[in-house]
Amino acid sequence: MSFEISLDGKVESIEILNQNGNTIEVLVGGRKYNLDILEVEEGIYSILLEGKSYNVELTPVDNKKYTVHTLYNSFDAEIIDAESRYMNSRKGDIDEEQSFISTPMPGKVVKILVKEGQEVKAGETLVTVSAMKMESEYKVSSDKKVKDILVKEGENIDGNQPLITLE
Amino acid sequence: MSFEISLDGKVESIEILNQNGNTIEVLVGGRKYNLDILEVEEGIYSILLEGKSYNVELTPVDNKKYTVHTLYNSFDAEIIDAESRYMNSRKGDIDEEQSFISTPMPGKVVKILVKEGQEVKAGETLVTVSAMKMESEYKVSSDKKVKDILVKEGENIDGNQPLITLE
Amino acid sequence: MIKKILVANRGEIAIRVMRTCREMGIESAAVFSEADRSSMHVRFADEAYFIGEAPSNESYLVIDKIIAVAKRCKADAIHPGYGFLSENADFADRCEKEGIIFIGPSSFAINTMGDKITARKNMLKAGVPVVPGTSEPIKDIKEAVGLIMDIGLPVMVKASAGGGGKGMRLIKEENEIIAGVSAAKSEAKAAFGNDAVYIEKYINSPHHIEFQVLADKHGNCIHLFERECSVQRRHQKVVEETPSPIMTPEVRAEMGKYAVAAAKAVNYASAGTIEFIVDDDLNYYFLEMNTRLQVEHPITERVVGVDLVKEQINIANGKKLSLKQDELTQNGHAIEVRIYAEDPDNNFMPSPGLVKHITEPLGLGVRHDGYIYEGYNIPMYYDPLVSKLIVWAPTRNEAISRMKRALFAYKIVGIKTTIPFLSRIMDVPSFRKGKYNTHIIQDNQKYLEPKNTATQKIKDVVSITAFVDYINKIEAAKTNGKANAVASKWKMCGRTRNMNRL
Amino acid sequence: MIKKILVANRGEIAIRVMRTCREMGIESAAVFSEADRSSMHVRFADEAYFIGEAPSNESYLVIDKIIAVAKRCKADAIHPGYGFLSENADFADRCEKEGIIFIGPSSFAINTMGDKITARKNMLKAGVPVVPGTSEPIKDIKEAVGLIMDIGLPVMVKASAGGGGKGMRLIKEENEIIAGVSAAKSEAKAAFGNDAVYIEKYINSPHHIEFQVLADKHGNCIHLFERECSVQRRHQKVVEETPSPIMTPEVRAEMGKYAVAAAKAVNYASAGTIEFIVDDDLNYYFLEMNTRLQVEHPITERVVGVDLVKEQINIANGKKLSLKQDELTQNGHAIEVRIYAEDPDNNFMPSPGLVKHITEPLGLGVRHDGYIYEGYNIPMYYDPLVSKLIVWAPTRNEAISRMKRALFAYKIVGIKTTIPFLSRIMDVPSFRKGKYNTHIIQDNQKYLEPKNTATQKIKDVVSITAFVDYINKIEAAKTNGKANAVASKWKMCGRTRNMNRL
């Protein structure tokens, strides 16, 4: 199976050539590495490469996506397998479009400012959500029509949960 | 199913009468308690009983035995179910007898002082094991005969692993 | 003598208070809301009582519930921490009425200092310098023009009942006056139900410097020197240090005397903080008094060598202060940073949620006051402060290096935190030089934004790690059917090899 | 100037050294054995190199391997920590020959102080008081009788090359002399390959008090006051404190001067420790010098306010000491306890293995130097020290209370540790009073044995907890088929409710 990886949007091929215990030989975008990689705690890897010691922390976003932290930097990584390629080829540009409003963190819906079926303009605030004593406004990115409102004012929500769908 | 629990050797009946979320009603040795019990980390329980806050740490020894730590004390707890009672009734006094030599911690076998088939006297050292720069001698508790020697000198061993069986 | 203290708070400050209780042999009782059953303060306390739903106005802010628990568990005293009921005069009064010791000042001191105009008047009477401005609420908007032109532009219009930047307007030009005062009044009305505003001269490039005071019930009052709190983001302190890098011994002595005078003016008896606004020429003006323990109190504890909570409890017990002003000194330099569950790369969006792993910074000169643990789910209802890191070193430069080292070693996996942002502050040139004012964060965005400095090699290491983890999970799922149940193959491999080595 | 330091050690001390490297902007390189790939010092370092099999004589003790790594990674200097190669004169020599800075004293100082008889002679020459006894090895056993009777019984026969209590014999009666000396000689021969023994007067109820010294390469030498190390179990220090509760300012000044004289007598240039044996009347005698950083160095760091590793590195860089003797003071009181992976309720049996959970003590006045983490498997090959807890408070009594509070909050699940034993030491009356000597542990067994003080209610809580956990696992196994995969039902329940509350 052939894989690619997207790191902060840049896609390159990736392949494990050999593995022996913790030691692996890998080809990334044509560059070959021999490294010693060990998951020391769940999601925390210790890597030794040419003597240097690296600590890499992974926070899975879904089963193919990670937020990755090193000492000084953060990255978004996504594994691209045959399935992803197929899905991407089918979706075309559609996933660029905003199809729903969600929040990155859990919180509580404070106010819903629109009704189902309402036409909304780019930049209009649709919903405000509070978390940790701070209220945030969530806006629509382009002219849309409100399809379904999935939550009620006062309701507690999870992070990344669709709140309002758009069409 | 009826259960008993042995705490530091004292056996009493135990039964959960009611449960509602974290809150349970329990009968231990005829004493009834209503408490709020929550596993806050794996093996660490927070218990609220009549306002008092207790922290109890469990270290499983096997699937029915625990070493339990509270702030000031340690306990050995064992759950006694129908199976244990049946096993206990069959074994009679046999499990009082030492049937093998083992160590409580992982280590390395330094020296084996006996041969298979050898008769040994109570108090005789059969094997020495080192761990963390310290050597410990393991003795037999009563007159026995060495049956099988399961490890070799220089071998690394796990805790509670049988090293030498006796008959 | 106090034998049991109810701590009417949660999070790091509840635990910090309980630590001192434990050292003093005093029992501690926690209160907890529906969201806090698994919170560390419940586990740390000797006793713990449920007080209601998660929102704080149904639990931590309900005076009746707190008092009921105190009576039920026979607590002698209540420590309010900071926030919640700590500066609520009604609560202090209620405690007194119920025969429970409130570990804090009298309701008179809280009330006097809580209203800005009243506080200004009292400070003027006590001879404490205040920012030039008005001492009476502005009644007539037209009259404001003359007053403001007398004081001299620029000025700040402030709500008398205000706080947190609400009901404030900066006026730079004469033609902005009427609109500005009107806006401040209506904002004050909306925010505090009181449209009283007053006018203060606006201090350019201001420094925020505060003095810690301790006063007992026998009229003794001392100060424990200053804290420099100018590193602020949206009027919230982010980094604090002591001594202040701009302070001189002479000005320190003067300000300390005024801080003591300010506390005495309201018959203060507890730990309190006098905040001053200071300009580049070290002109200083009383800003307000915080009539409670401050978040940043540990840097004073470290440099002066006192336990401020212990002092509060001793004062509440009616003891005389054992510390003498002329025996106190500042030893070395301390810095505190506040670690929030916020995403510094995404407009400081709150980031509650499950804490998967924590590696705490240890070693020489590091104090850590936190409350989260591995497996803890940080609730969304309360303040995003997860911990405070306090370092000490003989010199300021060494303290900055130590803070950077501590932040380097501090890992929290699962939620976003401000740790990288704080680390970048330590490298801002004006911070390094100790030449900064309250504009430091807005003026140094270029140093504070995340920069991707990664080499190709580091990027490849990141790609490889993500890929290895992905492959591990796939293989685990294949052989096991349950991705969650299996530790990754690499992990198992590492562990097994370790075991074999044993 | 040193730019990269190879740390030729593991565990807490390797990390402690690396922390200072990081604060000084010096890169650190770790070395690790087969058993230590997942050890924290490998993760904490900038670089890490494999050096061989788990047993230390195939890895951490192999001079050639350490030197090869230093050359490969272009380290300017090697810090040996304590133990392993830290007092190996050949290693110091080899470093010099290879052009690598050894962060420690010269091989001359190591050798001179390493041989007890040579050290005694040098100390006598330098005017430092030594325990009355012989300065030459005992050649003829018969001659020993006369010598011993001159010194006066009781005496201790000691191996010249000795350490750790081996080759030592206490002789109380004249008729024990010949047998005792013979036994000591043959034990010394077996343990050290050298049967040279010497005789010292035996000090009854001895105190072990040591002085920290710092000496640079320019002939400057200072002391940083004493550490009281009399709380020992089988000649191993367990608890250390500073200042010593039995010390007077006069004796401190005298002993400090002798400590400096002792270091100067061997042209010492690094951090070192002069150990004295002290009797109840404060008569003191040089015992030995440890030519390295001590395990217990943090209490001095806290009370004097210095970073001893930083001083070592500066000295190795050829810098002059910046500290002046008359500017140093002892501020407050510090106590260290050593936490070992040993079972105090089972004859201190070693307890290596998997660390399931750690809750670290935090807050005011607590320093923690450790290296283990959740999920770490403590290997069986090395010293059982897992961490050191250091507390500071203005007074000794407050420091003891703080240590008890810190030990209360310190939880390590999965392995057995000495935490409960250390907590019991804090309650031994002679320790509380500060009136103890090296017999404190053997004389206070009744206070130090585990006592089950639990009420019936606590026992029932324990039974219920174990039972609930058992039932959870059973039910989980029933519904899921895999006991390990499922969090307990109660846990899930708690978590879910928390989630719902959000």
Side-chain angles (χ1 to χ4, degrees), chain A residues 3 5-8 10 12 14-16 21-22 24 26 28-29 31 33 35 37-45 47 49-50 52 54-60 63-75 77-79 81 103-108 130-134 136 156 159, chain C residues 54-56 340-343 345-353 356-357 359 378-385 408 411 413-416 420 423 450-454 456-474 477 483 487-494 497:
Chain A
F3 291 96
I5 186 155
S6 159
L7 194 72
D8 286 347
K10 190 181 173 199
E12 294 196 291
I14 188 162
E15 186 183 359
I16 296 177
N22 303 331
I24 59 172
V26 201
V28 195
R31 297 172 297 279
Y33 294 94
L35 41 73
I37 179 165
L38 182 69
E39 188 176 15
V40 283
E41 303 178 59
E42 195 193 327
I44 303 182
Y45 284 80
I47 291 121
L49 171 61
E50 293 156 20
K52 299 270 182 251
Y54 300 90
N55 293 286
V56 180
E57 303 167 12
L58 302 178
T59 307
N63 66 339
K64 290 177 191 169
K65 282 187 192 168
Y66 296 91
T67 308
V68 190
H69 298 273
T70 61
L71 179 50
Y72 297 108
N73 299 113
S74 295
F75 305 86
E78 180 177 2
I79 315 298
D81 60 5
T103 65
M105 78 291 175
K108 183 176 186 166
S130 85
M132 293 181 150
K133 299 176 18 186
M134 179 170 154
S136 311
N156 290 324
Chain C
S56 40
Y340 288 103
E342 290 177 344
D343 184 356
D345 300 347
N346 187 12
N347 199 27
F348 294 86
M349 188 75 80
S351 182
K356 290 190 178 173
H357 285 286
T359 306
I378 300 179
M380 55 158 254
Y381 292 98
Y382 313 110
D383 193 90
L385 182 69
F408 158 79
K411 312 277 182 199
V413 181
I415 56 163
K416 312 264 188 185
S423 196
K451 273 177 295 292
N452 217 324
T453 55
Q456 186 62 48
K457 192 186 284 182
I458 288 175
K459 288 180 187 167
D460 288 346
V461 165
V462 165
S463 293
I464 292 165
T465 308
F467 187 60
V468 163
D469 191 77
Y470 169 77
I471 293 288
N472 283 346
K473 282 192 191 144
I474 297 232
S488 85
K489 189 176 139 199
W490 256 265
K491 188 174 190 169
M492 292 304 279
C493 173
R497 283 184 69 197

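Here is how names work: the chains are called A, B, and so on, in the same order as the sequence lines, proteins then strands, and each is numbered from 1.
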S.K.: Taking all non-hydrogen atoms of both residues into account, name the closest pair between A:Lys133 and C:Tyr381 and its distance.
M.R.: CG-O, 4.2 Å
S.K.: Can you find a pair of side-chain heavy atoms, one from C:Asp469 and one from A:Glu39, that are under 4.5 Å apart?
M.R.: yes
S.K.: With a 4.5 Å cut-off on heavy-atom pairs, point out which of C:Met349, C:Lys416, C:Glu342, C:Lys356 contacts chain A the most.
M.R.: C:Met349
S.K.: Do the side chains of C:Val462 and A:Asn73 get nearer than 4.5 Å, heavy atoms only?
M.R.: no
S.K.: Checking C:Thr465 against chain A: side chain, backbone, both or neither under 4.5 Å from a heavy atom?
M.R.: both
S.K.: Taking atom CD1 of C:Ile378 and atom CE of A:Met105, what is their separation to the nearest 0.5 Å?
M.R.: 13.5 Å
S.K.: Report yes if the side chains of C:Lys473 and A:Pro60 come closer than 4.5 Å at any heavy-atom pair, otherwise no.
M.R.: yes
S.K.: Quick check: does any side chain N or O of C:Tyr470 sit under 3.5 Å from a backbone N or O of A:Tyr66, one acting as donor and the other as acceptor?
M.R.: no
S.K.: Going by heavy atoms in the side chains, are C:Phe467 and A:Ile16 under 4.5 Å from each other?
M.R.: yes
S.K.: Would the number of heavy atoms belonging to other residues, nucleotides or ligands and lying under 6.0 Å from NZ of A:Lys64 be above 12?
M.R.: yes
S.K.: Between chain A and each of C:Asp383, C:Asp345, C:Ile458, count heavy-atom pairs under 4.5 Å; write down the option with the most.
M.R.: C:Asp383
S.K.: Is any side-chain heavy atom of C:His357 closer than 4.5 Å to a side-chain heavy atom of A:Glu57?
M.R.: no
S.K.: Please classify the contact of C:Thr359 with chain A as side chain, backbone, both or neither, using a heavy-atom distance under 4.5 Å.
M.R.: side chain
S.K.: Using a 4.5 angstrom heavy-atom cutoff, name the option from A:Leu49, A:Val56, A:Asn55 with the most pairs to chain C.
M.R.: A:Val56
S.K.: Rounded to the nearest 0.5 Å, how far does OG1 of A:Thr67 lie from CG of C:Asp343?
M.R.: 9.5 Å
S.K.: With only heavy atoms counted, which part of C:Tyr382 is less than 4.5 Å from chain A, the side chain, the backbone, both or neither?
M.R.: backbone
S.K.: Quick one: list whatever passes ring-ring contact (aromatic ring centres under 6.0 Å, His included) with C:Tyr340, sequence neighbours left out.
M.R.: none
S.K.: Give me the atom names and distance for the closest heavy-atom approach of A:Ala77 to C:Ala466.
M.R.: CB-CB, 4.0 Å
S.K.: Does any backbone or side-chain atom of C:Pro384 lie under 4.5 Å from a heavy atom of chain A? Answer side chain, backbone, both or neither.
M.R.: both
S.K.: Nearest 0.5 angstrom please: A:Tyr33 OH to C:Ile464 CD1, how far?
M.R.: 6.5 Å
S.K.: For A:Asp8, is it the side chain, the backbone, both, or neither that has a heavy atom closer than 4.5 Å to a heavy atom of chain C?
M.R.: side chain
S.K.: What pair of heavy atoms forms the shortest contact from A:Ser130 to C:Met380, and how long is it?
M.R.: O-CE, 3.9 Å
S.K.: Can you say whether A:Ile14 sits under 4.5 Å from chain C via the side chain, the backbone, both, or neither, judging by heavy atoms?
M.R.: both
S.K.: Testing the basics here: between A:Leu7 and C:Ser463, what is the closest heavy-atom pair and its distance to 0.1 Å?
M.R.: CD2-OG, 3.7 Å
S.K.: Is chain C contacted by the side chain of A:Ser6, its backbone, both, or neither, given a heavy-atom distance below 4.5 Å?
M.R.: neither
S.K.: Search all heavy atoms of A:Met132 against all heavy atoms of C:Ser351 and return the closest pair with its distance.
M.R.: SD-N, 4.1 Å
S.K.: Under 4.5 Å heavy-atom distance to chain A, tell me which part of C:Leu385 shows up: side chain, backbone, both or neither.
M.R.: neither
S.K.: Hey, are the side chains of A:Glu50 and C:Lys457 touching, using non-hydrogen atoms and a 4.5 Å cut-off?
M.R.: yes
